[in-house]
Amino acid sequence: MHLFLSQNSCKNQETHKTFTGNPQTAPNSSNRWTRIRSTRKDNHDELIHEQALAAAILFRQHQQQNGSASGSFPFDRSVSLRHPNGSGSKKSQLPRSSSSRARSLTDPLLQPHQLVNQDIKLDDLETNHFVLVHGGGFGAWCWYKTIALLEEGGFKVTAVDLTGSGIHSFDTNGITSLSQYVKPLTDFLDKLVDGEKTILVGHDFGGACISYAMELFPHKVSKAIFVAAAMLTNGQSTLDMFSQKAAGSSDLMQQAQIFVYANGNNNPPTAINLDKSILRDLLFNQSPGKDVALASVSIRPIPFPPVLEKLSLSDLKYGTVRRFYIETPEDNAIPITLQESMINSSPPEKVFRLKGADHSPFFSKPQALHKLLVEISKIPST
């Protein structure tokens with residue numbers, strides 16, 4: 001969910017259309033053969049170099065597994081240097097991760113399962129079951145890359161469609177409460193056998209949704225991961241949280257919001273549409289074009305009443321679940337300053353940052369996101 005407005009400023013907004021050209025220059029066919037010949041050797045050398053690096057990394061992994069690297073530091077495959085959250089005051093800066101790899105995690109040097117899954121024994125984890133919860137307007141479809149990567153590594157994955165989202169057939173304008181909106185998630189958790197735990201992952205407005213579920217089923221949630229998500233405090237609504245930064249919100253966000261008044265203009269909005277001509281700049285500014293195209297035909301209206309509802313979160317239930325936050329610094333929907341404000345208001349156990357990620361890291365940084373999810377799943381109980 002991505003709202004920067006006060007409760008008294010809900011009004012229909014004019015759709016702003018923007019059109020940008022994509023001029024392309026035709027390649028110079030007369031130089032084509034020369035270019036191919038000149039780059040063939042470089043490409044071959046680069047391939048050999050990458051293969052050598054891959055072999056060196058795998059050899060190092062083998063050494064560690066067999067204890068032959070005596071006296072050396074353990075080989076950390078993490079995307080980040082991780083720091084535990086200390087017991088100091090909230091005013092002190094919360095330690096964050098910083099990249100420890102020179103190469104981009106999206107490069108093809110090694111496949112994701114080679115990078116993170118070779119040393120994982122799933123039976124040793126508290127749980128290997130991820131439950132992915134989409135954000136406002138999204139659906140389970142947005143996690144398709146994450147689902148494939150996790151399942152390839154042997155993890156169990158469930159991606160839910162919340163009420164009126166994705167392929168769920170309910171009319172968004174008929175949703176009147178957060179409990180109704182989150183019902184597919186709470187029904188799923190309710191049906192889990194006693195003792196079965198999950199890792200909840202919430203994106204965007206899905207952060208408020210997993211918080212609601214954590215309060216109801218704390219014994220069924222091993223960890224909660226907030227990805228560019230609304231991480232609220234007790235008594236706070238999603239609208240309250242986003243309104244904190246209303247003065248600094250971008251014109252782009254305000255232009256994108258189109259309020260729907262299914263019950264008449266004299267009543268509060270029932271849903272919010274997003275101007276599809278602005279989606280790329282707002283939500284997918286670092287994402288591939290094919291994923292933007294998928295989103296443009298898949299995104300549905302966002303129900304408005306759940307955004308207004310204040311959460312009731314207790315220390316005895318919600319507070320017992322281990323929380324982690326993944327920041328997205330190139331986010332135009334939930335700016336990094338707002339993410340850090342939420343983190344400072346309710347510090348999680350650890351914070352990670354996905355460099356170069358926009359509001360939709362499952363599109364813009366799928367392998368890096370996958371790597372962090374796996375790393376968090378491996379963090380033992382303290």
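Remember, it's a predicted structure, so these values are computed and weren't measured experimentally.
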For [X] against [Y], the heavy-atom pair lying closest together:
X      : Y      : answer
Pro305 : Ser177 : CB-N, 4.4 Å
Val374 : Leu150 : CG2-CD2, 4.1 Å
Ile225 : Leu373 : CD1-CD2, 3.8 Å
Ile343 : Pro348 : CG2-CD, 3.8 Å
Leu354 : Ala368 : CD2-CB, 3.5 Å
His134 : Val160 : CD2-O, 3.2 Å

Parallel, tilted or perpendicular: which describes the rings of [X] and [Y], with under 30° parallel and over 60° perpendicular?
X      : Y      : result
Tyr181 : Phe205 : parallel
Phe226 : Tyr325 : parallel
Phe259 : Phe304 : perpendicular
Phe324 : Phe352 : tilted

Q: Would you please test Leu338 and Met241 for side chain to side chain contact (heavy atoms under 4.5 Å, CB included) and show each step?
A: CA-CA 9 Å; Leu338 182 53; Met241 185 272 296; 3.9 Å; yes

Between [X] and [Y], is there a donor-acceptor pair closer than 3.5 Å when you use the side chain of the first and the backbone of the second?
X      : Y      : answer
Glu309 : Pro306 : no
Arg323 : Ser346 : yes
Ser360 : Leu283 : yes
Lys223 : Arg322 : no
Thr198 : Lys220 : yes
Ser165 : Asp161 : no
Asn267 : Asn263 : yes
Asn332 : Asp281 : yes

Q) Can Val260 and Ile272 be said to form a side chain to side chain contact (heavy atoms under 4.5 Å, CB included), step by step? A) CA-CA 6 Å; Val260 179; Ile272 303 170; over 6 Å; no

If I take atom [atom1] from residue [X] and atom [atom2] from residue [Y], how far apart are they, to the nearest 0.5 angstrom?
X      : Y      : atom1 : atom2 : result
Leu308 : Leu239 : CG    : CG    : 5.5 Å
Lys350 : Leu372 : NZ    : CG    : 11.5 Å
Ser211 : Leu216 : OG    : CG    : 11.0 Å

Q | side-chain hydrogen bond (donor to acceptor under 3.5 Å, both in side chains) partner of Thr328, chosen from Gln286, Gln339, Arg353 | A | Gln339

Testing the 3.5 Å rule here: is there a donor-acceptor pair between the side chains of [X] and [Y]?
X      : Y      : result
Thr146 : His370 : no
Glu340 : Thr337 : no
Ser377 : Asn128 : no
Tyr261 : Asn173 : no

Q: Using the side chain to side chain contact (heavy atoms under 4.5 Å, CB included) rule, take Asp275 and Ile258 through it: C-alpha gap first, then chi angles, then the decisive distance, then the call.
A: CA-CA 7 Å; Asp275 184 347; Ile258 306 170; 4.1 Å; yes

Q: Apply side-chain hydrogen bond (donor to acceptor under 3.5 Å, both in side chains) to the pair Arg280 and Ser296, showing each step before the final yes or no.
A: CA-CA 9 Å; Arg280 178 187 290 273; Ser296 68; over 6 Å; no

(Q) Strictly below 4.0 Å, N to O, side chains only: are Lys365 and Glu330 in salt-bridge contact? (A) no

(Q) With a 4.0 Å cut-off on N to O distance, would you call Lys355 and Glu327 a salt bridge? (A)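 Glu327 and Lys355: not salt-bridged.
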
Q.
Determine whether Ser222 and Thr127 satisfy the following criterion, side chain to side chain contact (heavy atoms under 4.5 Å, CB included), listing intermediate values before the conclusion.
A. CA-CA 7 Å; Ser222 169; Thr127 178; 3.7 Å; yes

Q. Centroid-to-centroid, His203 to Phe138, below 6.0 Å?
A. yes

